[in-house]
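As a basis for the values below, the full set of heavy atoms in this structure was taken, side chains included, without hydrogen atoms, waters or symmetry mates. Each ligand, and each atom within it, is numbered from 1 in the order the structure gives.
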Amino acid sequence: MSKFAGREHRKEGEPMATGGFLEKQTVEKLAELLRLEDFSEVYAEADRVRRENVGDRVQIRAILEFSNHCRRQCRYCGLNRNNTGLERYRIQPAQMVETARQAWEAGYRTIVLQSGEDGYYTAQMLGEVVKEIKKTGMAVTLSCGELPVEDYAYLRACGADRYLLKHETADTQLYSSLHPCGTLENRVSCLREIKRLGYETGSGFMIGLPGQTEETIARDLLLLQELNCDMAGIGPFVPHPDTPLRDHPHGSTELTKRAVALARLLLPKANLPATTSLGVLDQGEKNDIFSCGANVIMRKVTPSSYKKLYEIYPAALGETDICSERKELEAQIRALGKIPY
Ligand code: 5AD
C-alpha cells in the first residue's frame, strides 16, 4: 500500500519530519493524490482503513450552539463581530444543562458545547455546566475558541473530555489574511496545550479558501498528523452574504471528500465527521462521505429560535426536535449500511 501518502515514511507515533526533503516530498505526494483524475482507488483504501480501525459504526453527536456572540472578525464567518445585522443570543447555563439532558434522553452519549469567542462565559460558569452534564455520563466536547491555558486546564479538571479548535488553514499568510484577530502560531500552540492536557483533540480546516492550492491542503493534512489529532473536521467553505468573502465561490465537495479520505489514511484511528457544511452542499450526490473515510456526524440540538441565529454560513434549518431528528438520522445511517451509535 506504499503508494498512499505518508504511510511509508513514518511509524505510528513517530514525530513528523519538519522541513527538508521528506516533508517536501510528502506535501508533493499528497498534492499529487488530491489532483488525481480518478480518485476511486484512494477512496476504496480510505474506506478499508476506516472499517479496519473504527468499524462500521457512525457516531452521532449532539451539538448545542450556546452563544453567537464573538469577539473575532474571521472574514469567512457570519458570526464575526463586524456583522452588526445579526441578532445575538446567549443561552443560560441552566438551559444548557436541560438541553443536554434532553439529548441524553434521545440517545445521545456525546454533546458538543459550541459558541463564538464570548467572554461572558467564564471558565467557572462553563465548568459548572460541564460538571452537571457529566453527571449523566455523557462525554462533553467544548468548542469555544482560543482560551487562556489556565482555562483549558480548569475545564479539563471539571471533566471536559474533548476540545474542538480547527486550525482553519495551515498557510501562515492565508491564516493572517482571514483572521485579523489571531495568528496560526497561536492557534497551533492552543492545540498543543489542549493535547498536552489530555483532551481528545480536534482540529480541521476549510476547503475552497481564497488562494488555497492542493499544496495548501496537503500542509493542512500534515498538520493534523503532526498534532496527532484525535478528530478532524474538514468542510467546504460556504459564502455568507454578510461577510467580506460573500462573493468567493463555495469549496468543492469532491475536493473535501478527497481530503477526508487522505486524512483517514494519515490518521487511521481518528474520528472524522461529515461536516455540516458538506451536508449543506452535498445533497444526493453519489459517493456518500461515510464511504470516503468519515465516521461521525453531528446534529444540532440548539433550540429552534437560537439555531437560526447561529449562522456561520447560510443553511436551510427546520425546527429542532431532538428525538425525532435523531431517529430520522439513525434510519438514514442504516440505509447506508452503517450502524448508528
Ligand atoms: N463556510 C464553511 N465553514 C465555515 N466555518 C466558519 N465559517 C464558515 C463558512 N463560511 C467553520 C470553521 C469553524 C467552524 C465552526 O465552522 O471551520 O471552525
Side-chain angles (χ1 to χ4, degrees), residues 61-83 86 112-118 141-147 162-171 174-175 177-182 184 186-188 190-191 194 201-210 212 216-217 220-221 223-224 227 229 231-253 255-257 259-260 263 272-282 289 296-300 302 306-307 309-317:
R61 299 179 169 179
I63 175 164
L64 171 59
E65 300 147 322
F66 64 90
S67 164
N68 69 351
H69 288 258
C70 192
R71 63 164 78 100
R72 298 218 168 216
Q73 305 177 60
C74 309
R75 293 166 64 83
Y76 45 80
C77 180
L79 305 190
N80 84 81
R81 73 163 189 236
N82 299 326
N83 182 7
L86 179 65
V112 182
L113 304 178
Q114 191 179 82
S115 67
E117 286 197 12
D118 183 1
T141 305
L142 293 175
S143 180
C144 318
E146 293 184 15
L147 299 175
R162 308 183 176 130
Y163 205 98
L164 292 183
L165 181 68
K166 298 192 188 180
H167 71 259
E168 313 294 3
T169 175
D171 182 299
L174 181 55
Y175 189 99
S177 74
L178 294 171
H179 303 97
C181 303
L184 180 61
N186 207 54
R187 179 63 50 122
V188 168
C190 286
L191 282 160
I194 289 165
T201 302
S203 187
F205 57 90
M206 278 176 279
I207 299 287
L209 294 171
Q212 187 187 52
T216 323
I217 298 171
D220 283 318
L221 289 163
L223 181 56
L224 296 179
L227 292 166
C229 287
M231 308 174 277
I234 301 168
F237 162 75
V238 180
H240 186 297
D242 302 320
T243 62
L245 290 190
R246 64 179 69 84
D247 295 324
H248 188 73
H250 68 72
S252 146
T253 56
L255 196 52
T256 303
K257 291 180 199 177
V260 171
L272 302 179
T275 50
T276 316
S277 62
L278 181 62
V280 168
L281 298 175
D282 191 32
I289 185 69
V296 175
I297 187 157
M298 296 190 202
R299 262 298 169 270
K300 293 171 189 257
T302 313
Y306 300 128
K307 184 165 75 171
L309 299 175
Y310 199 83
E311 201 189 48
I312 293 176
Y313 43 80
L317 301 171

| What residue and atom, counting heavy atoms only, is the protein's closest point to atom 13 (C) of ligand 1, and at what distance? | Glu168 OE2, 3.3 Å
| field | Any N or O of Ser277 closer than 3.5 Å to N or O of ligand 1 | value | no
| said: Return the closest protein heavy atom for atom 4 (C) of ligand 1 as residue, atom name and distance. | reply: Met206 SD, 3.5 Å
| Check: Cys77 N/O within less than 3.5 Å of ligand 1 N/O | no
| message | Just to check, does Gly78 reach to within less than 4.0 Å of ligand 1 when the distance is taken from its heavy atoms? | response | no
| task | Measure the shortest side-chain to side-chain distance between Thr302 and Tyr310 over non-hydrogen atoms and say whether it is less than 4.5 angstrom. | result | no
| task | Compare Glu65, Lys166, Arg75 and give the one whose heavy atom is closest to atom 14 (C) of ligand 1. | result | Lys166
| remark: shortest atom 7 (N) of ligand 1-to-protein heavy-atom contact is with Ile312 CG2, 3.0 Å
| Any Lys/Arg nitrogen of Lys307 or Glu65 sitting under 4.0 Å from an Asp/Glu carboxylate oxygen of the other? | no
| task | May I ask you to identify the nearest protein heavy atom to atom 2 (C) of ligand 1, giving residue, atom name and distance to one decimal place in Å? | result | Pro236 O, 3.3 Å
| message | Can you tell me which residue among Asp171, Thr169, Ile234 is in a side chain to side chain contact (heavy atoms under 4.5 Å, CB included) with Phe205? | response | Ile234
| query | For atom 1 (N) of ligand 1, what's the nearest protein heavy atom and its distance? | reply | Val238 N, 2.8 Å
| message | Taking salt bridge (charged side-chain N to carboxylate O under 4.0 Å, His left out) as the criterion, tell me which of Lys166, Arg187, Arg71 meets it with Glu146. | response | Arg187
| message | Taking NE2 in His69 as the centre, count heavy atoms belonging to other residues, nucleotides or ligands within less than 6.0 Å. Is the count above 12? | response | yes
| Under-4.0 Å heavy-atom contact with ligand 1, by part of Tyr76 that carries it | both
| Contact summary for Tyr313 and Val238, nearest pair of heavy atoms | CB-O, 3.6 Å
| query | To the nearest 0.5 Å, how far apart are CD1 in Ile63 and CZ in Arg299? | reply | 11.5 Å
